[in-house]
Amino acid sequence: MIKNSKNIHLICIGNTEKYVGNDRIHILGRVSDDILLKYYQACDLLLLPSVSEAFSLTIVEGMACGLVPVTGKNVYMPGLKNNINSFIAGTDDDYKDIITKIEDKPDILIKMSENAIKTAYEYSDEKTYSRYLDVMQKIVYKK
């Protein structure tokens with residue numbers, strides 16, 4: 001799919017298998033956090049085709065940088081809304097359809113990116129601290 005694309009490059013970061021033979025697929029392996037941030041900021045999508053994942057920090061980090069996550073239906077992440085701030089695939093063919101849709105109409109990512117940033121903000125230190133403080137006050141003061 002991506003190797004035949006006109007506009008899409010795939011940048012693989014982390015523990016990935018070696019891949020040879022295409023100038024649109026870039027395997028980087030592990031990178032430092034400061035370099036990772038630069039890649040997040042340079043990309044449009046975060047492709048996370050995990051079979052199962054619970055509360056992915058990778059998704060939160062990517063969304064905070066405006067990336068629209070493309071992930072499987074077995075990835076649990078509160079706040080993900082298909083076609084609003086993310087794409088959620090149920091099958092391998094769904095991933096292909098999503099990539100084709102984005103390649104044909106890249107402007108659909110603009111509003112979704114804004115929505116992704118808003119969703120990521122819900123997991124910011126400020127918001128998390130506020131929620132913890134509320135819980136602690138309820139416990140201590142039995143509100």
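Just so you know, residue 1 is the first one in the sequence shown, and it goes up from there.
Taking Leu57 as the reference, Phe55 meet the side-chain contact (heavy atoms from CB on, under 4.5 Å) condition, with sequence neighbours excluded. For Asp34, the side chain to side chain donor-acceptor pair (under 3.5 Å) criterion is met by Ser32, not counting sequence neighbours. The side-chain contact (heavy atoms from CB on, under 4.5 Å) search around Pro106 returns none, not counting sequence neighbours. Considering only residues two or more places apart in sequence or on other chains, Ala64 meets the side-chain contact (heavy atoms from CB on, under 4.5 Å) condition with Ala120. A search for side-chain contact (heavy atoms from CB on, under 4.5 Å) contacts involving Asp134 returns Ser130, Gln137, not counting sequence neighbours. Under the side chain to side chain donor-acceptor pair (under 3.5 Å) criterion, Tyr121 pairs with Glu126, not counting sequence neighbours. Thr119 pairs by the side chain to side chain donor-acceptor pair (under 3.5 Å) definition with Asn85, not counting sequence neighbours. Applying the side chain to side chain donor-acceptor pair (under 3.5 Å) rule to Tyr123 yields no partners; only residues at least two apart in sequence or on another chain are considered. Remark: Lys127 pairs with Glu122 by the salt bridge (Lys or Arg N to Asp or Glu O under 4.0 Å) rule, at least two apart or across chains.
Tyr95 contributes no side-chain N or O that, together with a main-chain N or O of Val70, makes up a donor-acceptor pair within less than 3.5 Å. In terms of modelled atom types and a separation under 3.5 Å, the side chain of Ser86 and the main chain of Pro69 share no donor-acceptor contact.
Contact of the Ile99 side chain with the Phe87 side chain is not registered, since no non-hydrogen atoms from C-beta on lie closer than 4.5 Å. Side-chain contact between Leu46 and Met63 is absent, with no heavy atoms from C-beta onward closer than 4.5 Å. Between Asp33 and Leu37 the shortest side-chain heavy-atom distance does not fall below 4.5 Å. Here the side chains of Lys101 and Ile108 are in contact, with some heavy-atom distance below 4.5 Å.
For residues 42-56, the set of pairs meeting the side chain to side chain donor-acceptor pair (under 3.5 Å) definition, not counting sequence neighbours, comprises Ser50-Glu53.
Applying the 4.5 Å side-chain rule to ILVMFWY residues, one finds Leu133 in the same cluster as Tyr129.
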Give the table of side-chain donor-acceptor pairs shorter than 3.5 Å for residues 110-118, with sequence neighbours excluded, one pair per line with atom names and distance.
residue	atom	partner	partner atom	Å
Ser113	OG	Gly66	O	2.6
Asn115	ND2	Ile84	O	2.9
Asn115	ND2	Lys111	O	3.4

